[in-house]
**Q** 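Here it is, the structure in full.
Residue numbering restarts at 1 for every chain, and letters A, B, ... go by the order of the sequence lines.
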Amino acid sequence: MPELPEVETVRRGLTQLVEGAKVNTIDVLYPKMINVSEKEFKDVLQKHQIIRIDRRGKYLLFRFDNDMTLVSHLRMEGKYDVEPDGTEPTKHTHIIFHLDDNRELRYKDSRKFGRMYLVKNGDEKTLSGLGTIGPEPTDETLTFDYMKSIMNKARGKIKPFLLNQSNIAGLGNIYCDEVLWLTSIHPETQTNLITDEEIEALRKNIIAEIKMAIKGHGTTVHSYSNAFGEAGQFQNHLHVYGRKGEPCERCDTLLEKIKVAQRGTTYCPNCQRKVVE
DNA sequence: CACTATGTTCCCAC
DNA sequence: GGTGGGAACATAGT
């Protein structure tokens, strides 16, 4: 389940491996994965060079030398591998970019949930997910004033609020549970009742958590690995996610798991008290 | 075999 | 337009 730190780790790995590489031909084994026809996908990208790989939230943006961008979202299980030409594709291999140096960039996805979108440079905003995406969780872009203004208007629960990518880019289920525990906020607390002090603490925890997770190359839950096939190390730092029934590290109360907006949610019933009107 | 869990986005109703 | 409920995606696991 790649969230922002995992996607950033993939971006860095791919930059080392394929920045500057030229795509000779492309095999599209699962056409539903792309937003244009197989023919257009190939016609636009074949014989062109990947000049840079950017990231926005959980989206990867492959910049090509013809002013086109291939936007890629990994969703739950998507991953990229770079392999020598001619390696037998697995049943989870869906797109193969044959490079001109006897290597292949392969997109694999056991759930087939991932999607790729081909757009002109600058047209990224026309995509539903990217058009309304919120600020990146960094100290410069995620300001207290912004957080306060959107949180004071929100009447729903804080957890779905944080998962909404148009509020803040990049948080998923894992880091969401983590930052709420770190800030001692119950996931079902009504967003507009969170105090200014808590907003600032939450902001700081989000920024620090994402930064630390990127440093640790992301989380390994299920089958996540980066472009080099390395597992992330961040799972060693998780305080609540996947720890239902274990004692809270702050107060020893057993962690509980509930459903919030249909998502599994682990929290400490003692130090995360619900606040509602 | 039927059902459920999984994360995210999209769609619809209020 | 915010909010919530549910669908869809595809598969593995029970």
Side-chain angles (χ1 to χ4, degrees), chain A residues 1-8 10 28-35 55-60 71-79 89-95 107-117 119 124-134 137 146-180 187-194 210 213 218-225 232 234-235 238 240-245 256-266 274 276-277:
Chain A
M1 295 164 251
E3 302 185 23
L4 189 156
E6 291 74 30
V7 177
E8 175 61 16
V10 170
V28 179
L29 306 174
Y30 185 66
K32 285 173 72 177
M33 193 146 277
I34 57 183
N35 73 327
R55 179 192 56 73
R56 181 74 171 91
K58 303 175 195 173
Y59 291 85
L60 286 168
V71 177
S72 169
H73 197 298
L74 306 173
R75 290 288 187 96
M76 290 177 66
E77 301 283 346
K79 46 186 71 70
T90 71
K91 69 170 179 176
H92 299 313
T93 304
H94 306 304
I95 313 268
Y107 180 72
K108 303 177 181 179
D109 192 335
S110 65
R111 288 280 190 279
K112 296 183 178 175
F113 278 7
R115 288 293 177 266
M116 293 187 194
Y117 312 90
V119 295
E124 298 86 352
K125 289 175 203 64
T126 63
L127 299 175
S128 47
L130 276 173
T132 54
I133 197 166
Y146 169 78
M147 292 259 296
K148 182 176 162 69
S149 72
I150 59 170
M151 288 176 69
N152 286 352
K153 279 184 281 190
R155 300 281 176 90
K157 298 169 180 175
I158 183 63
K159 172 149 177 175
F161 177 90
L162 292 177
L163 288 174
N164 184 343
Q165 302 296 298
S166 60
N167 291 322
I168 301 169
L171 290 179
N173 208 36
I174 300 172
Y175 297 113
C176 195
D177 281 6
E178 291 298 311
V179 298
L180 288 173
E188 293 181 305
T189 290
Q190 200 175 307
T191 305
N192 63 333
L193 300 181
I194 293 174
I210 293 290
T219 304
T220 297
V221 174
H222 293 309
S223 52
Y224 169 74
S225 65
F234 194 73
Q235 74 277 17
L238 298 178
V240 284
Y241 187 87
R243 294 196 165 180
K244 178 185 77 164
E256 290 182 3
K257 187 168 181 181
I258 56 172
K259 286 271 181 196
V260 181
Q262 289 130 273
R263 317 290 173 80
T265 301
T266 311
K274 184 167 11 178
V276 289
E277 272 174 338

**Q** In a check of side chain to side chain contact (heavy atoms under 4.5 Å, CB included) between A:Tyr107 and each of A:Val28, A:Thr93, A:Leu74, which one passes?
**A**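 Between A:Tyr107 and the candidates, side chain to side chain contact (heavy atoms under 4.5 Å, CB included) is satisfied uniquely by A:Leu74.
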**Q** Grab the CZ-C1' distance between A:Arg75 and C:dA7 for me, whole Å please.
**A**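 Going from CZ in A:Arg75 over to C1' in C:dA7 covers 13 Å.
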**Q** Holding to side chain to side chain donor-acceptor pair (under 3.5 Å), I want the full list of residues that pass it with A:Asn192, two or more places apart in sequence or in another chain.
**A**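 Only A:Gln190 meet the side chain to side chain donor-acceptor pair (under 3.5 Å) criterion with A:Asn192.
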**Q** Hey, does the side chain of A:Lys58 reach the backbone of A:Leu171 with a donor-acceptor pair shorter than 3.5 angstrom?
**A**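 Yes, the answer is positive, given that a donor and an acceptor are paired below the 3.5 Å cut-off.
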**Q** Does the side chain of A:Lys32 get closer than 4.0 angstrom to OP1 or OP2 of C:dC9 through an N or O atom?
**A**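 Result: no.
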**Q** Taking CD from A:Glu6 and C1' from B:dG7, how many angstroms apart are they, rounded to a whole number?
**A**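 My rounded result for the distance is 13 Å.
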**Q** So, using salt bridge (charged side-chain N to carboxylate O under 4.0 Å, His left out) as the criterion, who are the partners of A:Lys148 when residues are at least two apart?
**A**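 Salt bridge (charged side-chain N to carboxylate O under 4.0 Å, His left out) list for A:Lys148, sorted by chain: A:Asp196.
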**Q** Find the distance A:Phe113:CZ to C:dA12:P and express it as a whole number of Å.
**A**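 Rounding to the nearest Å, CZ of A:Phe113 and P of C:dA12 are 11 Å apart.
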**Q** For A:Arg111 and A:Leu127, take the nucleotide of DNA chain B holding the closest heavy atom to each; which residue's nucleotide lies nearer the 5' end?
**A**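 Counting from the 5' end, the first nearest nucleotide belongs to A:Arg111.
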**Q** Is the distance from OP1 or OP2 of B:dT8 to the nearest side-chain N or O of A:His73 less than 4.0 Å?
**A**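 It does not, given that no N or O in the side chain of A:His73 lies less than 4.0 Å from OP1 or OP2 of B:dT8.
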**Q** Using atom CZ of A:Arg263 as one end and atom P of B:dT8 as the other, report the distance to the nearest whole Å.
**A**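 Rounded to the whole Å, the gap is 6 Å.
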**Q** Whole angstroms only, please: what is the CD-C1' distance between A:Gln262 and B:dG7?
**A**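 It works out to 11 Å between those atoms.
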**Q** When the distance from OH of A:Tyr59 to P of B:dT8 is rounded to whole Å, what number comes out?
**A**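 Those two atoms, OH and P, are 11 Å apart.
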**Q** Just N and O in the side chain of A:Lys259: are any of them under 4.0 Å from OP1 or OP2 of B:dT6?
**A**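 Affirmative; the distance criterion is met.
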**Q** Heavy atoms, side chains only, cut-off 4.5 Å: are A:Val7 and A:Leu60 in contact?
**A**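 Answer yes - side chains close enough.
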**Q** For DNA chain C, find the residues of residues 150-162 of chain A with a heavy-atom distance under 4.0 Å and give them by number; none if there aren't any.
**A**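 Correct list: A:Lys153, A:Ala154, A:Arg155, A:Gly156.
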**Q** Going by ring pair (Phe, Tyr, Trp, His ring centres under 6.0 Å), name the residues that satisfy it together with A:Phe113, two or more places apart in sequence or in a different chain.
**A**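 Per chain and number, A:Phe113 pairs via ring pair (Phe, Tyr, Trp, His ring centres under 6.0 Å) with no residue.
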**Q** In terms of side-chain heavy atoms of A:Gln165, which of B:dT8, B:dT9, C:dA12 is nearest?
**A**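 Minimum distance to the A:Gln165 side chain belongs to B:dT9.
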**Q** What's the closest nucleotide to the A:Arg115 side chain, out of B:dG7, C:dC9, C:dA12?
**A**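 Within the option list, the nearest is C:dC9.
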**Q** About how many Å separate NZ of A:Lys244 and CD1 of A:Ile258, when rounded to the nearest 0.5 Å?
**A**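 With rounding to 0.5 Å, CD1 (A:Ile258) is 12.5 Å from NZ (A:Lys244).
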**Q** Give the rounded distance in Å between these two atoms: CG of A:Asp109 and C1' of B:dG7.
**A**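 Interatomic distance, CG of A:Asp109 to C1' of B:dG7: 12 Å.
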**Q** Which atom names give the shortest non-hydrogen contact between A:Lys159 and A:Asp177, and what distance separates them?
**A**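 Taking A:Lys159 first and A:Asp177 second, the nearest heavy atoms are NZ-OD1, 2.6 Å.
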**Q** With sequence neighbours excluded, tell me which residues meet salt bridge (charged side-chain N to carboxylate O under 4.0 Å, His left out) with A:Arg115.
**A**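 So A:Arg115 forms no salt bridge (charged side-chain N to carboxylate O under 4.0 Å, His left out) with any residue.
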**Q** B:dT6 C1' sits how many Å from A:Met76 CE, rounded?
**A**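 Rounded to the whole Å, the gap is 4 Å.
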**Q** Using a cut-off of under 3.5 Å, enumerate the N/O to N/O pairs linking the protein to nucleotides 2-4 of chain B.
**A**
none

**Q** With respect to the phosphate group of B:dG7, does any side-chain polar atom (N or O) of A:Tyr175 fall under 4.0 Å of OP1 or OP2?
**A**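 Result: no.
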**Q** With rounding to the nearest 0.5 Å, note down the distance linking CD1 in A:Ile150 to OG in A:Ser166.
**A**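 OG of A:Ser166 is found 8.0 Å from CD1 of A:Ile150.
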